[in-house]
*Asks:* 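Mind looking over this structure? Questions follow.
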2 protein chains.
Amino acid sequence: MKIKKGNEYLALPMKPTPRKLEIITTASTLFKEKGYSAVTMRDIAKAMGIKAASLYNHIKNKEEILTFIIISLAEQFIEGLEDIKNSNTTCIEKLKKIIELHVGITSRNTNGMASLNNDWMHLKDQLNYYLKLRIDYENSFRKIIKEGVKKGEIKNINPDIMLFSILSTLRSLYIWIPQKEDLDTSVLASNLSEVLLKGINK
Amino acid sequence: MKIKKGNEYLALPMKPTPRKLEIITTASTLFKEKGYSAVTMRDIAKAMGIKAASLYNHIKNKEEILTFIIISLAEQFIEGLEDIKNSNTTCIEKLKKIIELHVGITSRNTNGMASLNNDWMHLKDQLNYYLKLRIDYENSFRKIIKEGVKKGEIKNINPDIMLFSILSTLRSLYIWIPQKEDLDTSVLASNLSEVLLKGINK
DNA sequence: AAATTTAACTAACACTTGTTAGTTTACGTT
DNA sequence: AACGTAAACTAACAAGTGTTAGTTAAATTT
C-alpha cells in the first residue's frame, strides 16, 4: 500500500485495464441512481450486456469496484489540496482554488462523487484509510479558514460553521452539475466563489 | 389520500401506534448508518430485541417504514414554507425563517433526514408524490429569492446558484448537527444566516 | 370466568444475493 | 496448424432476503 509507481499514487498502485474501467464506470452510474447496496452484480453485468460471472474475469469482487471509485477520488482531493496549501497566496485566494478543485473533479466524475458522498460506509479494507483522508482534508481546509480569520481576511465567525457551509455546497455539486446542460465550469466556479465568499445579501 | 383528519394532513392520514413509532425510530437510526437497502428487517428486529416476523404485527411492509419517514418530513417542510410564504416580511427575513425551519426540523429528526436525502429513490407508491413535494418546495424557495433580487434586497446573481448553495448547506445539516453536542439551535440558525446570507469575506 | 385482542413466537416459502468452478469461443502469436 | 490467452458462457453454491402462516402467551374487555 501507498507505493508510488508510474503516475499512480498512495493506495491504488495498479492502473486498471480498459475493460475493468468500463465495469467501474458502468457501476458508478448505477451506484449513483440507487446506491451501492441496491445495485447487484447482475445489474452491472446486464448494463454491459454480459453475465454477472463474467465480471469476475476483471475484478476481484464487488467491494473492489466501490473501493476504486472512492479512493481514487479521495486521493485526487488530497493531492489537489496539497498543492493549494503550498501555493503562495491569500487565504481567500486559496478558498477560490478549493472551489475550483471541487468543480473540476466533480464535473469530470459526477457519478463517482455520489459514491464518495453516500457509500463510503460500505468500504471494508480501506474504510479506515478513507476516513483518515477525509479528516486530513477537513483539517487542512479548516486551517486555511482559521488563518484567514487571523490575518483579517475572513470574518470572525465560528470557523466550523464556515467550513461546514462551504463544504456542504461543494459536496452537493455532483447532484447539481448534471442538471445544468451547457455548463461552463469556470463560470460556475466563479459564481460559486461570489456566493460562498461574499454572500447573497446586497 | 390527502384527507385532513385530526391533526394529520395530506398523504399520511393515520397516526401510528406507539409501537409502530418505535419501529420507525429504530429503523431511522439504522437507515442513517447504512442506508435503506443495506438494512434488513432482521436488523431492525434485532435492534428492538424481537424477531423479524413480529414487526409485521405493526407494519405492512418495509416500504411503509421508509414512506412514513420521508413523507412526514417532506410534509413538515411544505407546511413550514407555506407559512413563511404567507408571512408579511422582507425576502431576506423569509430566507432567515427558512433557515430556522431547516434547523428546527433537522435537529428534531436527524436520522429521518438521512433517509429524506439519500433513500427517497426507493419509494414506490409515494415516489411521485414525494417528487412533486420536492419540486414545489424548490420552486417556492426560488420564487422568494427571485423576488428579493427584483426588490433589490438580494444580489443579482443567478438565482439557481444561490438556491443550490443555500439548500445544499441546509440539506447537509443532518450530518453536522449530531457531531456538535450542547448545540443551541437558535445560535446555529443565526450563525448560518450570517454565513449564508452575508458571506465570509470581510 | 370467558372471550377477545395484542404482540410476540417458530417455521417455512420463494426469491435474490455475491461468488466459484468448469467450459467454450475467438483471436493474436509462435 | 498449434498454442496460449482473454473474456465470455452455463450451472451451481450457500447465505441471506422480505414476507406469510399458524401458534402461543399474556393482557384486556366483556
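By convention in this document, chain letters (A, B, ...) are assigned in the order of the sequence lines, proteins followed by strands, and residues within each chain are numbered from 1.
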*Asks:* Answer with yes or no whether the side chains of B/Tyr137 and B/Glu82 bring together a donor and an acceptor at under 3.5 Å.
*Replies:* no
*Asks:* Check the phosphate of D/dA8 against A/His58, side-chain N and O only, distance under 4.0 Å to OP1 or OP2. Yes or no?
*Replies:* yes
*Asks:* Considering all heavy atoms of both residues, which atom of A/Ser37 and which atom of B/Ser37 are nearest to each other, and what is their separation?
*Replies:* CB-CB, 3.9 Å
*Asks:* Assess whether atom NZ of A/Lys62 is packed by more than 12 heavy atoms of other residues, nucleotides or ligands within 6.0 Å.
*Replies:* yes
*Asks:* Figure out the CE/P separation between A/Met48 and D/dA8, and round it to whole Å.
*Replies:* 7 Å
*Asks:* May I ask you to say whether A/Lys34 pairs ionically with A/Asp43, meaning some side-chain N is under 4.0 Å from a carboxylate O?
*Replies:* yes
*Asks:* Give the rounded distance in Å between these two atoms: CG of A/Asn61 and P of C/dT17.
*Replies:* 17 Å
*Asks:* Would you call the rings of A/Tyr36 and A/Phe31 parallel, tilted or perpendicular if under 30° counts as parallel and over 60° as perpendicular?
*Replies:* perpendicular
*Asks:* Would you indicate which nucleotide in D/dA8, C/dA21, D/dT19 comes nearest to any side-chain atom of A/Ala53?
*Replies:* C/dA21
*Asks:* From the list C/dA8, D/dC9, D/dA8, which nucleotide is the closest neighbour of the side chain of A/Lys51?
*Replies:* D/dC9
*Asks:* Tell me which of A/Ser54 and B/Met41 sits closer to the 5' end of DNA chain D, going by the nucleotide each one is nearest to.
*Replies:* A/Ser54
*Asks:* Could you state the atom-to-atom distance from CD of A/Glu64 to P of C/dT19 in whole Å?
*Replies:* 10 Å
*Asks:* Is the base of D/dG18 touched by the side chain of B/Arg42 through a donor-acceptor pair closer than 3.5 angstrom?
*Replies:* yes
*Asks:* Rounded to the nearest Å, what distance is computed from the CZ atom of residue A/Arg19 to the C1' atom of nucleotide D/dA8?
*Replies:* 9 Å
*Asks:* How close or far is atom P of C/dT6 from atom CG of B/Leu55, stated in whole angstroms?
*Replies:* 18 Å
*Asks:* What is the distance, rounded to the nearest whole Å, between atom CD1 of B/Ile50 and atom C1' of C/dC9?
*Replies:* 10 Å
*Asks:* Distance check needed: D/dA6 P versus A/Ile59 CD1, whole Å only.
*Replies:* 17 Å
*Asks:* Quick one: the side chain of A/Asn57 and the base of D/dA8, do they pair up donor-acceptor inside 3.5 Å?
*Replies:* yes
*Asks:* How many whole angstroms separate atom OH of A/Tyr56 from atom P of C/dT17?
*Replies:* 12 Å
